[in-house]
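Nothing here was measured: the structure is a model prediction, and the numbers come from that model.
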Amino acid sequence: QLQLVESGGGLVQPGGSLRLSCVASSVTSDYYAIGWFRQAPGKEREGVSCISSRGGSTNYADSVKGRFTISRDDAKNTVYLQMNSLKPEDTAVYYCAASKTRLGVLCLSTMFDSWGQGTQVTVSS
């Protein structure tokens, strides 16, 4: 069992920045990838960015490339999502998730097994 806790969401103006954090309860070899997903009202959950638990393989949604950066700090059992140049369309609940499959780095939600509670990100002027 893996517990994930997200933090760092909030209200920010367009063009602003936020850094989301995802803290895992422990390091486990059962999980091969960590990802950030988001879901806006009336829309399906989409993968934002995912990173392998070993090595540095990453993937980003086309909509966030060049603006968001995912990173991992193994010593702190933490994955971060640095979000810059935020747009209103980035508004969503952001979820951290962990995958037991090596293909989790592909960032498809169906491949993820453990989920955090979500943190709200609102981009509005």
Side-chain angles (χ1 to χ4, degrees):
Q1 186 177 4
L2 183 65
Q3 294 181 342
L4 302 169
V5 180
E6 306 99 328
S7 63
L11 175 64
V12 64
Q13 294 184 342
S17 298
L18 287 173
R19 188 181 73 163
L20 305 184
S21 299
C22 173
V23 181
S25 59
S26 64
V27 177
T28 173
S29 61
D30 291 336
Y31 294 88
Y32 296 99
I34 303 293
W36 287 99
F37 298 80
R38 66 186 182 187
Q39 189 164 25
K43 298 182 179 180
E44 65 182 10
R45 187 171 298 180
E46 65 172 335
V48 177
S49 183
C50 293
I51 187 169
S52 61
S53 297
R54 295 180 292 108
S57 181
T58 60
N59 276 299
Y60 295 91
D62 288 341
S63 59
V64 307
K65 287 181 179 178
R67 300 189 297 121
F68 291 9
T69 303
I70 192 169
S71 61
R72 190 182 73 239
D73 187 336
D74 293 336
K76 298 180 179 180
N77 293 335
T78 301
V79 174
Y80 302 97
L81 184 67
Q82 179 66 46
M83 306 187 296
N84 298 326
S85 302
L86 283 162
K87 304 175 181 179
E89 50 263 47
D90 295 318
T91 296
V93 177
Y94 283 70
Y95 297 91
C96 177
S99 176
K100 293 183 178 180
T101 175
R102 293 177 178 85
L103 296 179
V105 73
L106 298 179
C107 226
L108 300 177
S109 62
T110 55
M111 297 180 181
F112 284 74
D113 308 284
S114 299
W115 294 81
Q117 81 286 354
T119 185
Q120 176 71 48
V121 172
T122 302
V123 185
S124 176
S125 59

With a 4.5 Å limit on heavy-atom distance, are the side chains of [X] and [Y] in contact?
X	Y	result
Pro14	Pro88	yes
Gln82	Ser17	yes
Arg54	Arg102	yes

- Query: Salt bridge or not for Arg72 and Asp74, using N-O below 4.0 Å?
  - Reply: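 Asp74 and Arg72: salt-bridged.
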Counting N and O atoms only, with roles assigned by atom type, does the side chain of [X] sit under 3.5 Å from a partner on the main chain of [Y], one being a donor and the other an acceptor?
X	Y	result
Thr91	Glu89	no
Ser57	Ser52	no
Asn59	Val105	yes
Glu6	Cys96	yes

- Query: Say you draw a straight line from OG of Ser114 to NZ of Lys100; how long is it, rounded to the nearest 0.5 Å?
  - Reply: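 The NZ atom of Lys100 is 6.5 Å from OG of Ser114, to the nearest 0.5 Å.
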- Message: Can you tell me if Glu44 has over 12 outside heavy atoms packed within less than 6.0 Å of its CD?
- Response: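 Count not over threshold, so no.
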- Residues that Thr122 engages under side chain to side chain donor-acceptor pair (under 3.5 Å), provided they are two or more places apart: Gln120
- Please list, chain by chain and in numerical order, all residues satisfying side chain to side chain donor-acceptor pair (under 3.5 Å) with Ser63, sequence neighbours excluded. Arg38
- Does Arg67 have any salt bridge (charged side-chain N to carboxylate O under 4.0 Å, His left out) partners at least two apart in sequence or in another chain, and if so, which? Asp90
- Closest approach of Ala40 and Ala92, non-hydrogen atoms and distance? N-CB, 3.9 Å
- Item | Minimum-distance pair of heavy atoms, taken over all atoms of Ala61 and Gly47 | CB-O, 3.4 Å
- If you link I, L, V, M, F, W and Y whenever their side-chain heavy atoms are under 4.5 Å apart, who else ends up in the same group as Phe112? Phe37, Val93, Tyr95, Leu103, Leu106, Leu108, Met111, Trp115
- Task: Each residue besides Met83 in its hydrophobic cluster should be listed here, by chain and number; the cluster joins Ile, Leu, Val, Met, Phe, Trp and Tyr at side-chain heavy-atom distances under 4.5 Å.
- Result: Val12, Leu18, Leu20, Ile34, Trp36, Val48, Ile51, Tyr60, Val64, Phe68, Ile70, Val79, Leu81, Leu86, Tyr94, Val121, Val123
- Scan for side-chain hydrogen bond (donor to acceptor under 3.5 Å, both in side chains) pairs involving residues 7-16, sequence neighbours excluded, and state none if there are none.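 Every pair satisfying side-chain hydrogen bond (donor to acceptor under 3.5 Å, both in side chains) with a residue in residues 7-16: there are none.
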